[in-house]
Structures are given as C-alpha cells and as structure tokens.
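All values below come from the heavy atoms of this structure, side chains included, with hydrogens, waters and symmetry mates left out. Naming: A, B, ... by sequence-line order, numbering from 1 per chain.
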Amino acid sequence: MTTVDKAASLPGQRTGGRPTDRTQRFADGGVLNVFSHGFLALWAAMIVLPLAWVVLGSFKTDAQINGSAWSWPASFGFDAFGRAWEKGIGGFFLNTLIVLAGSLTLTMLLGSMAAYVLARYEFRGNKVIYYLFVAGSMFPVYLALVPLFFMVRNLGEISPLLGLNSYLGLILVYVAYSLPFTVFFMYSFFRTLPTAVHEAAMLDGCSHTRAFFQIMVPMAKPGLISVGIFNVLGQWNQYILPVTLMQPTTAGEADHSMLAQGLVNLALQSGYKSDAPALFAGMTIAMLPVLVVYLSFQRQVQSGLTSATLK
Amino acid sequence: MRHGKYPFIVGFLFLPIVLYVGLVLWPYAQTFGYSLTDWSGASQEMNFIGLDNYTRLLDDEVFGGALLHNLLLLVLLPIVTILIALFFAFMLNVGGKGGTGGVQGVRGAGFYKVVFFFPQVLSIAILAVLWGAVYRTDGSGLANGVLIKLGLVDAGDPVQWLSDPGLVLWCVLAVLVWSGVGFYLVLFSAAMQSIPKDIYEAALLDGSGRGQTFFRITLPLLWETVQTAWVYLAIVAMDAFALVSSITPGAYFGGGPDHHSEIISTYLMRSFLRNGEAGYACAMGVVIFFFTLILSIVSLWATKRDKIEY
C-alpha cells in the first residue's frame with residue numbers, strides 16, 4: 001500500500017484542499033448523481049441522434065434533406081435504398097464480404113500457425129522471428145505505402161489475380177498487416193495452455209500437424225475469438241489500404257472498391273450530389289449489419305476488444 | 001517427439017514469414033531507400049540525391065503546418081478523450097448511490113456502455129460520411145440544425161464548420177473524441193472492475209469522498225491502462241487520414257481550407273498519387289516513422305510507474 005500512497009499523494013492534496021461540506025455532499029452521491037446522469041444522457045443523445053438522423057434521412061425526399069435538419073419523413077418507403085444499392089453499394093458490399101472472408105480465414109490460420117510454432121517449439125532464430133513480428137505492429141502503414149503500391153502492381157504483372165484492384169492481392173496485404181498483432185496475441189495465448197494433453201497425444205503417435213489442428217486449436221478457441229473480432233473490425237474498418245490498392249488501372253476495369261471506400265467516393269464525387277436520400281440510405285446499409293452484429297454480440301465484442309488491447 | 005520437428009516448423013512458418021517480410025518489412029525498408037532519391041513514382045528512373053528531400057521538408061511550409069496540426073492532435077486527443085472516458089467509467093462503476101448496497105455504478109450503466117461503444121464498431125469512413133452530413137454548412141446539417149433550434153445561431157448565417165479555417169481542425173478533433181470515448185470507457189471499466197470492491201468500501205467507511213476515492217484509489221490502480229490508452233490514441237492522432245481526407249474541403253485527400261486541416265498523411269498521399277513525388281512522400285513516411293518511435297519511447301518512459309499488485 002505504500003506505493004499507492006506515494007503515487008496518489010500529489011492529486012490527493014488537491015482534493016484534500018476542498019471545503020469539507022462539499023466533500024461531504026460528494027460522499028452521499030446525490031449531487032453527483034444528478035450531475036453525472038445529465039452528462040451521461042447528453043453523451044448518449046450525441047451518439048444516437050446523428051445515427052437516427054441518418055436512418056431517417058434515407059426516408060426523406062431530397063428537398064426535405066436540403067431544408068431544415070428537423071424535418072420528419074413524409075412517408076416511409078424504401079425507394080432510396082433501392083437507388084443506393086443500384087449506384088454500387090450492393091457491389092461494394094459483396095466485394096467487402098469476399099475480401100473479408102478470405103483475409104480473415106487466412107489471417108487466423110497463418111497467424112495462429114506461426115504463433116504456435118514460435119510459442120511452443122525451441123529452435124534457432126525463434127526469438128528473432130518473434131520480435132520481428134512484434135516490431136511490425138509498432139509502425140504506421142503510411143511508412144510502407146509507396147513501395148507497397150509498386151510491389152502489388154509488379155505482382156500484377158506476374159499474375160493479374162495478384163495485382164492492383166484484385167481481391168487476392170488485397171487479401172494477402174490485409175493478412176500481412178494483420179499478422180503482427182495476431183501472432184503477438186496468440187503467442188502469449190499458446191504459452192498459457194497446458195502441455196499435458198499435447199504430450200499425451202504425441203506419445204500416442206499423433207503428428208505435430210494433427211496435434212495442432214485437433215488439440216491446440218480447439219483449446220485456444222477463446223483466444224482465437226478475441227483476435228478474430230479484433231481482425232474483423234480492423235479489416236472491415238480498413239480504409240487507406242483499399243484506397244491505395246483497389247483503384248482500376250485501366251478505363252473500364254471493374255470497380256472492386258470496398259464498402260467504406262466506395263461510400264466515401266460516392267459522397268465526394270458527383271454520385272449522390274443530386275440524390276441525398278440515396279447517400280443516407282447507403283450509409284444506413286453500411287451501418288446496419290455492423291450494428292446488428294454488435295448488438296447481438298456486444299459482450300464478446302467489448303471484452304474481445306478490451307482484452308486484445310490490454311494484453 | 002523429435003521426429004519430423006524441423007519440417008513441421010518450416011512448414012508452419014514459411015507462408016506467414018514470406019507474406020510478412022515481402023509485404024510489410026521489405027516495403028518499410030524500401031521507403032528509407034526511396035526517400036533518398038528524386039523518384040517520381042511514374043517511371044523507373046530515379047537518381048540518388050542524398051538528404052535533399054529532407055532539407056526540402058524543412059523549408060516546406062505546408063509540411064510544417066501539417067506537422068503542427070499532427071502535434072496539436074497528438075496532445076489534445078489523448079487528454080480530452082482519456083479525461084472524458086475516465087469520468088464516465090468512474091460514474092458507471094462506482095458513481096452510484098453508496099451506503100445501502102456498498103459500491104455500485106449509476107443506474108443504466110449497461111445501457112450507456114452499449115450505446116457509447118457504437119461509434120467504435122462503425123468504419124471510420126462511414127463516420128466520415130456521417131459527419132460530413134452533420135457538419136453541412138447550410139442550415140440542413142445536424143450541427144447547425146441543433147444550434148438554430150436552440151436559438152444560438154441565426155438561420156440565415158449558419159456556422160461554416162469545415163470551411164472556416166479556425167474551426168476545421170476542432171471539428172476533426174471533436175469527431176475523433178466522439179468516436180473514441182466509448183472504447184476507452186469500456187477499457188477503463190474493465191480495469192476498474194478488476195479492482196477489489198473492498199478497497200472502495202474500506203475507503204468509504206473511512207469517510208473518503210468520491211473525488212478522493214477516484215484520485216487516491218482508482219487512478220493509481222488504473223495507471224497502466226491509462227498508459228496503454230495514451231499510446232493507442234497517439235497512434236490515432238498520427239493517422240486520422242480517413243477522416244481528414246474525406247470530410248475536409250480540398251481536392252485530392254482534403255486538408256483544406258487552404259491547408260488549415262492538413263496533416264502529414266494527407267500531404268504524403270497527395271505528393272505521391274497526385275504530384276508524382278514518390279521520393280518526397282517517402283521522406284515524409286520516414287519522418288512519421290521517427291515520430292512514432294520517439295513517441296512510444298517517450299510515453300513509455302514518462303508514464304512509467306511501479307506496478308501495483310492487488
């Protein structure tokens with residue numbers, strides 16, 4: 001407890017200097033409760049109001065959106081959603097799902113494989129490789145952006161499947177940039193797992209590969225879920241990598257934009273200039289799945305993200 | 001046990017290492033090399049020009065401004081976000097009426113935690129489009145709409161949020177704080193919940209007030225989490241690309257009006273993809289690298305305290 005006292009002595013003096021009757025009122029909590037509830041409610045309104053405003057906006061007419069911010073939609077039809085979908089949101093949605101499915105599977109597979117070997121096997125260079133991975137999570141992606149662009153473009157000359165504006169190219173880049181954190185997190189997780197079950201299986205003649213997939217992976221499920229949630233949100237929210245890598249190189253090439261990127265492009269360019277309701281509908285389409293997933297799994301999402309950060 | 005160990009190790013490590021070295025480490029290393037050339041990015045032609053790009057950066061007023069804006073965000077974003085998040089976390093966990101049931105959070109704590117966390121799961125790009133609409137300069141944006149309704153702003157002369165040189169950076173900061181508070185609130189809550197309740201109860205029995213409880217017990221025990229939050233927010237402040245490039249005015253990656261919201265990442269992208277100055281952009285990348293490095297070292301050193309066991 002001496003440490004606590006020492007660490008707190010400075011700010012503590014400030015509190016101690018207050019008049020005692022105020023401290024007393026703080027202690028029974030009444031004043032503070034009204035005060036704090038006010039702030040909490042205000043902040044909640046600040047979160048909900050803009051989101052609700054966007055959802056309502058997708059039912060308004062163009063004139064209403066360009067009029068007062070407080071108008072209420074005249075009718076609740078889904079025309080704007082249809083127009084937004086046709087303007088490319090549907091395609092962007094599909095692109096994002098394709099890339100996310102591939103990159104998430106590969107990230108989890110390769111990340112836990114590397115972490116497992118580094119955590120549970122002794123060999124030369126083990127520590128060096130581990131620290132190399134850890135170092136990668138420290139630096140911003142901007143540092144690599146320019147060379148990365150040309151590297152992916154050159155890969156495209158080997159095979160168009162890997163180049164700019166290709167799903168597989170972006171998937172591999174996502175995986176590479178998600179590896180440092182995944183390896184870092186899963187490394188410490190594999191270290192905490194008991195060795196006994198694994199050893200028993202090895203004595204029974206189980207191969208290393210089989211032991212990993214049938215014993216270690218099921219045991220590491222809680223850790224995998226935490227990292228998985230972290231990667232889903234991270235890769236879903238990725239913006240700078242697709243902006244750099246997913247641009248059509250020649251005219252007429254298919255637009256493989258991710259959802260977030262496509263939405264921003266449509267908002268910035270003339271795509272929605274004359275159709276504000278469709279822009280609001282596009283935002284609603286992009287927000288809704290995440291909010292539904294979040295509301296159904298909010299406990300796991302919150303605990304997964306927090307434990308991922310604290311490790 | 002030994003049988004097949006090395007083929008197994010190599011087999012498991014091969015692909016991850018190839019991807020990681022090829023697409024992450026090698027580009028990182030290349031950036032340093034390119035930053036010493038006059039490469040345009042469009043052709044293969046490049047000449048070694050030594051540190052010329054760096055001396056040019058020193059005289060570049062746009063870059064200087066961008067650096068200053070990054071520094072401003074770097075200082076303000078963590079302070080504001082952490083203070084608000086700590087305040088809310090304390091309310092939600094130990095701010096409730098004491099006395100009868102010991103220490104508890106205010107009513108509806110669960111609800112607030114769920115709602116405040118919303119922005120964290122939304123893509124930053126979606127938030128950008130959303131806030132672009134909120135900050136509209138005519139009366140139809142939500143921000144102006146609320147102020148007009150409250151009678152604080154004249155409907156005929158709405159606030160020019162993002163077009164006002166003096167306001168634009170504050171608007172960006174507000175969005176970053178708005179979206180970040182929920183996450184750090186949950187982070188601090190998790191840390192607070194791991195503090196044993198009897199410590200609080202003992203403090204309350206000894207007659208300590210809420211302010212005292214917070215500063216003498218909660219904050220010292222939470223210090224490590226605050227430190228983590230600080231580093232994460234600093235990284236967000238160095239980035240901020242998606243937001244600035246999509247809500248602030250200006251052709252090619254925002255930064256306007258007249259560079260008043262320019263940050264290094266937007267300037268880097270413009271130099272690279274628009275101005276054809278790949279070498280120069282790489283030099284900016286290297287500056288960001290050293291910035292981040294110094295930053296993490298300083299913040300780890302400055303926030304270092306004795307670990308408290310409980």
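A pairwise comparison of heavy atoms in A/Leu40 and B/Phe88 identifies CD2-CD2, 3.4 Å as the closest pair. Nearest heavy-atom pair, B/Tyr20 versus A/Ala176, reported as atom, atom and distance to 0.1 Å: CD1-O, 3.8 Å. The two atoms that bring B/Ser245 and A/Tyr239 nearest to each other are OG-CE2, 4.0 Å, heavy atoms only.
Using a 4.5 Å heavy-atom threshold, the side chains of A/Trp236 and B/Val121 count as separate. Taking the side chain as every heavy atom from C-beta outward, B/Tyr6 and A/Tyr121 never approach each other to under 4.5 Å. B/Trp26 is not listed as a side-chain neighbour of A/Pro147, based on a closest heavy-atom distance of 4.5 Å or more. The side-chain heavy atoms of B/Phe8 and A/Val117, taken from C-beta on, include a pair separated by under 4.5 Å. You'll find the side chain of A/Phe123 reaches within 4.5 Å of the side chain of B/Leu13, heavy atoms only. When side chains are defined from C-beta on, A/Val146 does not count as touching B/Thr31, because their heavy atoms never get closer than 4.5 Å. A 4.5 Å side-chain heavy-atom check between B/Leu130 and A/Trp53 finds every atom pair outside the cut-off. In this structure, the side chains of B/Phe14 and A/Met113 stay at 4.5 Å or more apart for every pair of heavy atoms.
Atom CZ of A/Arg120 and atom CD1 of B/Ile9 lie 13.0 Å apart (nearest 0.5 Å). Between B/Leu25 atom CG and A/Leu132 atom CG the span is 5.0 Å, to the nearest 0.5 Å. Taken from CG in B/Leu273 to OG1 in A/Thr244, the straight-line distance is 6.5 Å, to the nearest 0.5 Å. Note: B/Cys282 SG to A/Leu145 CG = 9.5 Å, rounded to the nearest 0.5 Å. From B/Leu23, atom CG reaches atom CG of A/Leu148 across 6.5 Å, with rounding to the nearest 0.5 Å. Distance check: B/Gln30 CD to A/Met151 CE gives 4.5 Å after rounding to the nearest 0.5 Å.
In this structure, B/Phe87 has its ring center no closer than 6.0 Å to that of A/Trp43. Between A/Phe149 and B/Phe272, a ring centre-to-centre spacing shorter than 6.0 Å is recorded. Proximity of the aromatic rings of A/Phe212 and B/Phe12 is defined here by a centroid distance below 6.0 angstrom, and this criterion is met. For B/Phe117 and A/Tyr294, the distance between ring centers is under 6.0 angstrom.
Judged purely by atom type and a 3.5 angstrom limit, B/Trp178 uses its side chain to pair as donor or acceptor with the backbone of A/Met46.
Contact tally against chain A (heavy-atom pairs below 4.5 Å) for B/Gly285, B/Gly132, B/Ser123, B/Gly22: the top residue is B/Ser123. Ranked by heavy-atom pairs under 4.5 Å with chain A, the first of B/Leu19, B/Val129, B/Val115, B/Val18 is B/Val129. Counting heavy-atom pairs under 4.5 Å between each of B/Gly141, B/Ala281, B/Ala278, B/Ala128 and chain A puts B/Gly141 at the top. Highest contact tally toward chain A, considering only B/Ala133, B/Pro119, B/Ala229, B/Gly182, is held by B/Ala133 [criterion: heavy-atom pairs under 4.5 Å]. If you tally non-hydrogen atom pairs under 4.5 Å between each of B/Met238, B/Lys149, B/Met284 and chain A, the highest count goes to B/Lys149. Comparing B/Val287, B/Val181, B/Ile84 by heavy-atom pairs within less than 4.5 Å of chain A, the highest count is held by B/Val181.
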message: Is there a side-chain contact (heavy atoms from CB on, under 4.5 Å) between B/Leu142 and A/Val54? Walk through the geometry before answering.
response: CA-CA 10 Å; B/Leu142 187 61; A/Val54 165; over 6 Å; no
- request: Walk me through it: do A/Val264 and B/Ile126 pass the test side-chain contact (heavy atoms from CB on, under 4.5 Å)?
  value: CA-CA 7 Å; A/Val264 171; B/Ile126 291 172; over 6 Å; no
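The part of A/Ile129 that comes within reach of chain B is its side chain, from C-beta onward, which places non-hydrogen atoms under 4.5 angstrom from that chain. Looking at B/Phe241, both its backbone and its side chain come within 4.5 Å of chain A, counting heavy atoms on both sides.
For B/Tyr252, the OH atom sits in a loose shell: 12 or fewer heavy atoms of surrounding residues, nucleotides or ligands are nearer than 6.0 Å.
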